[in-house]
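Read through the structure below, which is laid out as structure tokens, and then see the notes.
Computed from a predicted model, the values in this text were never measured in an experiment.
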There are 2 protein chains.
Amino acid sequence: MNFTTSEENYIKCIYHLQQETGTVNTNSLAAEMHTRPASVTDMLKKLKAKKLLQYERYRGFKLNEAGKKVALEVVRKHRLWEYFLVEVLKFDWDKVHPIAEELEHISSDELVQRLDKFLGNPSFDPHGDPIPDRNGKIPVLNQLNLSEIPVKKTVTVSSVSNQTAQMLEMLKHYKIALGTQLQVNKKFAFDGSLEIKVLKQSPCIISEQVAKNVFVHYEL
Amino acid sequence: MNFTTSEENYIKCIYHLQQETGTVNTNSLAAEMHTRPASVTDMLKKLKAKKLLQYERYRGFKLNEAGKKVALEVVRKHRLWEYFLVEVLKFDWDKVHPIAEELEHISSDELVQRLDKFLGNPSFDPHGDPIPDRNGKIPVLNQLNLSEIPVKKTVTVSSVSNQTAQMLEMLKHYKIALGTQLQVNKKFAFDGSLEIKVLKQSPCIISEQVAKNVFVHYEL
DNA sequence: AATAAAATTTAGACAAATCTAAAAATTTAA
DNA sequence: TTAAATTTTTAGATTTGTCTAAATTTTATT
Ligand SMILES: [Mn+2]
Ligand SMILES: [Mn+2]
Ligand SMILES: [Mn+2]
Ligand SMILES: [Mn+2]
């Protein structure tokens with residue numbers, strides 16, 4: 001089966017939303033897609049006709065197995081292209097999303113296979129998000145939230161959940177990127193802020209809001 | 001100004017046709033685009049409204065300077081991506097056209113700049129066609145048709161004008177690719193066929209029809 | 001349980017890109 | 001120089017994806 005760019009964007013968006021909430025509703029999908037609820041309803045009918053999702057009117061919806069498979073293929077392409085843009089073409093990691101949003105719709109399967117191979121079958125994209133393999137299998141990483149780790153423990157930044165330009169700009173300022181090693185010096189109970197020490201940088205303070213969006217891993 | 005995929009495909013196609021014939025007519029464009037004359041007329045109105053071409057109804061049409069500029073940008077992207085697919089991802093040269101036909105519509109200017117730089121600012125695509133530079137300037141190569149070169153002169157294959165799958169399959173069989181060095185041993189007046197000797201291969205005979213589509217260059 | 005509020009869908013419209021069939025203009029040829 | 005053939009355009013539909021405004025259904029609140 002073949003899908004339009006618009007269908008693929010909806011499918012991917014539904015996939016991300018249902019990862020968090022199980023079942024998805026019309027308004028939140030409309031908000032996420034920057035479109036109108038009526039447009040969402042129209043598209044839901046098409047995707048249901050193509051047997052990609054469970055959907056009863058007024059009842060919410062979620063992708064079935066066929067839908068998830070399509071979503072994972074698009075996610076795979078998106079993240080492989082992001083990896084390419086950052087690692088090969090040397091883009092900053094906060095500039096690649098909109099370009100990958102276009103590249104993910106290029107249809108050739110062989111292109112994806114060869115790109116994957118050329119890149120060395122990477123497991124994570126430049127934002128630390130896992131790249132599904134050709135079978136849709138997603139690598140798991142035992143990761144913790146930065147706000148929850150013990151002090152004085154050296155950890156490695158593995159992903160960032162808020163990927164807005166504002167957030168990424170802020171992380172760039174702190175010189176925090178994926179793979180950056182750091183430790184928490186002190187936790188302030190008053191507002192949940194943290195003093196952290198990034199390797200080779202002087203200590204600095206980050207808000208709880210930032211910390212909540214940074215995930216790290218460390219050896220046990 | 002921003003253009004749709006469909007507009008870009010029409011513009012590119014008009015560009016190629018007017019290179020040969022000066023001014024283009026509705027039916028030949030429809031044939032080349034695998035569409036109907038009525039659809040061409042519809043698109044011509046849009047492109048004229050966007051001031052990309054000279055067009056009076058029933059009178060034929062051609063791109064103006066603005067239109068040529070757009071065409072050259074699309075051609076540049078197409079050929080850069082083909083170069084990428086062959087040289088970086090190791091696709092066979094006869095497989096890349098349909099993929100580049102999609103990739104050429106990715107809109108980011110910075111992507112094109114970085115891709116060009118990463119590839120080493122190549123001047124010719126895998127089919128030997130020149131790649132316009134960022135200003136739309138096209139490199140010229142002093143080339144001759146294979147059917148016209150003197151015997152026993154070593155020449156280098158520089159481009160192939162018929163790029164159908166059938167032609168490329170045939171050239172692959174003969175082990176002729178861009179950059180291949182060869183010489184003509186003998187010319188047969190009867191049917192215009194040639195005995196050629198490809199470097200490191202034993203001599204073989206090619207038809208006049210094939211030779212007419214192969215262009216070569218050599219030092220004077 | 002009745003009513004108000006919120007969420008969702010339907011109805012109807014529009015733009016882009018395509019098509020077929022018919023009309024109009026141009027070119028060719030008797 | 002008319003008539004025939006060819007080319008091109010117009011008229012009117014269709015599909016996809018979107019929208020606004022109105023209607024419907026569900027959920028929350030008195
Ligand atoms: Mn996208
Ligand atoms: Mn990403
Ligand atoms: Mn194209
Ligand atoms: Mn080419």
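- The phosphate of dG17(D) has neither OP1 nor OP2 within less than 4.0 Å of any side-chain N or O from S39(A).
- Taking the six-membered ring for Trp and thresholds of 30 and 60 degrees, W93(B) and H127(B) have nearly parallel ring planes, at less than 30 degrees apart.
- Considering only side-chain atoms of R36(A), the nucleotide from dT9(C), dC19(D), dT18(C) that sits closest is dC19(D).
- Contact check on K95(A) versus E110(B) returns no salt bridge, with no Lys/Arg side-chain nitrogen under 4.0 Å from an Asp/Glu carboxylate oxygen.
- Distances shown here put every side-chain N or O of R59(A) at or beyond 4.0 Å from the OP1 or OP2 atom of dT8(C).
- Taking 4.0 angstrom as the limit, S6(B) places none of its side-chain polar atoms (N or O) nearer than this to OP1 or OP2 of dA16(C).
- For dT8(C), one of the phosphate oxygens OP1 or OP2 lies less than 4.0 angstrom from a side-chain nitrogen or oxygen of N25(A).
- Contact of Y58(A) with dT24(D) (side chain to base): a donor-acceptor pair of N or O atoms is detected under 3.5 Å.
- Taking side-chain N and O atoms only, K46(A) has no distance below 4.0 Å to OP1 or OP2 of dT16(D).
- Salt bridge R76(B)/D116(B): present, at least one basic N to carboxylate O contact under 4.0 Å.
- Phosphate proximity of dG17(D) to T4(A): present, with a side-chain N or O under 4.0 Å from OP1 or OP2.
- For the pair M43(A) and V40(B), nearest-nucleotide mapping onto DNA chain D gives the more 5' position to V40(B).
- Between K12(A) and E101(A), at least one side-chain N (NZ, or NE/NH1/NH2) sits under 4.0 Å from a carboxylate O, which counts as a salt bridge.
- Atom-to-atom, CD of E8(B) to P of dA16(C) comes out at 16 Å; the value is rounded to the nearest Å.
- One finds a side-chain N or O of K45(B) lying less than 4.0 angstrom from the OP1 or OP2 phosphate oxygen of dT10(D).
- In this structure, T41(B) reaches the dT9(D) phosphate: one of its side-chain N or O atoms is under 4.0 Å from OP1 or OP2.
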